[in-house]
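Residue indices begin at 1 and follow the sequence shown.
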Amino acid sequence: MTDLYTALISNDNALLNEVLADAGVTLGEDDATIRSVCEDVNTLTFNRITDYFALTKFQRDTLLRVCSRFLRFKIDNAELLDSALRSYGINGVSMSFDDAAVKRIGGVIVPGDVYALLRQTGLTCLRI
């Protein structure tokens, strides 16, 4: 059995290098964020990715795209995602996440387009 994180860091790093290249990140830059992305994807898929290599090619390819986009999002927005603030305002200027662009699902903040891509795998359906 090979979970998503193990699949990414093993296999001579071929999968991980593909994800990192798509995200524009170099190897060893932020292993904790890579693990966090995999854990969040597992949360969003109800921990169904127990054997990555048993998934269909379409599901594996889609998961790689999801991971690379999600990784880029987490790196670009690390300060905002780690903050305990829900919104911020000072002198009439306020800031918050766009509810249409960013979703909160099961405690995971994920870009809407990344979640839509993940839904194509069929792994996010609660009824399976």
Side-chain angles (χ1 to χ4, degrees):
M1 300 288 201
T2 308
D3 68 351
L4 181 59
Y5 180 74
T6 305
L8 288 179
I9 63 169
S10 64
N11 197 26
D12 296 327
N13 290 329
L15 297 174
L16 180 59
N17 287 333
E18 184 177 337
V19 168
L20 295 177
D22 287 344
V25 179
T26 58
L27 186 61
E29 183 174 317
D30 201 347
D31 186 55
T33 306
I34 295 168
R35 181 177 291 280
S36 173
V37 165
C38 292
E39 289 169 352
D40 286 346
V41 169
N42 280 335
T43 298
L44 294 170
T45 59
F46 307 102
N47 293 313
R48 288 193 178 107
I49 307 170
T50 56
D51 191 356
Y52 175 80
F53 296 106
L55 299 173
T56 66
K57 180 170 176 18
F58 173 77
Q59 288 173 321
R60 289 192 311 265
D61 292 345
T62 303
L63 281 172
L64 291 180
R65 292 190 352 239
V66 164
C67 287
S68 66
R69 291 181 188 180
F70 202 6
L71 180 61
R72 183 79 263 157
F73 171 78
K74 282 197 157 219
I75 290 171
D76 289 347
N77 298 290
E79 290 178 11
L80 296 172
L81 296 171
D82 290 339
S83 173
L85 294 174
R86 177 157 171 81
S87 64
Y88 178 76
I90 187 168
N91 291 335
V93 177
S94 64
M95 181 179 80
S96 64
F97 282 116
D98 179 7
D99 290 338
V102 179
K103 300 185 178 305
R104 181 182 298 269
I105 301 166
V108 176
I109 298 173
V110 60
D113 63 328
V114 172
Y115 187 67
L117 186 61
L118 182 60
R119 287 184 60 201
Q120 293 178 12
T121 64
L123 298 170
T124 61
C125 182
L126 187 56
R127 297 181 184 179
I128 292 180

Scan the side chains in residues 53-61 for donor-acceptor partners under 3.5 Å anywhere in the protein, sequence neighbours excluded, and list what turns up.
| unit_1 | atom_1 | unit_2 | atom_2 | d |
| --- | --- | --- | --- | --- |
| Thr56 | OG1 | Gln59 | N | 3.1 |
| Thr56 | OG1 | Gln59 | OE1 | 3.4 |
| Lys57 | NZ | Asp61 | OD2 | 2.9 |
| Gln59 | OE1 | Thr56 | N | 3.1 |
| Gln59 | NE2 | Thr121 | O | 2.9 |
| Arg60 | NH1 | Leu55 | O | 2.6 |

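Between Ile109 and Phe73, the shortest heavy-atom contact is O-CE2, 4.0 Å.
With values rounded to the nearest 0.5 angstrom, Ile105 atom CD1 is found 8.5 Å from Arg119 atom CZ. From Phe70, atom CZ reaches atom OG1 of Thr33 across 11.0 Å, with rounding to the nearest 0.5 Å. The structure places CG of Leu63 at 11.0 Å from OG of Ser68, a figure rounded to the nearest 0.5 Å.
A donor-acceptor distance shorter than 3.5 angstrom exists from the side chain of Arg48 to the backbone of Cys125, with no hydrogens or angles considered.
In this structure, the side chain to side chain donor-acceptor pair (under 3.5 Å) partners of Asp40, at least two apart in sequence or on a different chain, are Lys74. Judged as a side chain to side chain donor-acceptor pair (under 3.5 Å), and not counting sequence neighbours, Asp113 has no contacts. Thr45 pairs by the side-chain contact (heavy atoms from CB on, under 4.5 Å) definition with Val41, Asn42, Ile49, Leu118, Leu123, Thr124, not counting sequence neighbours.
Of the residues Leu44, Val66, Val37, the one that meets the side-chain contact (heavy atoms from CB on, under 4.5 Å) test with Val114 is Val66.
With contacts defined as side-chain heavy-atom distances shorter than 4.5 Å, the pair Val102/Val110 does not qualify.
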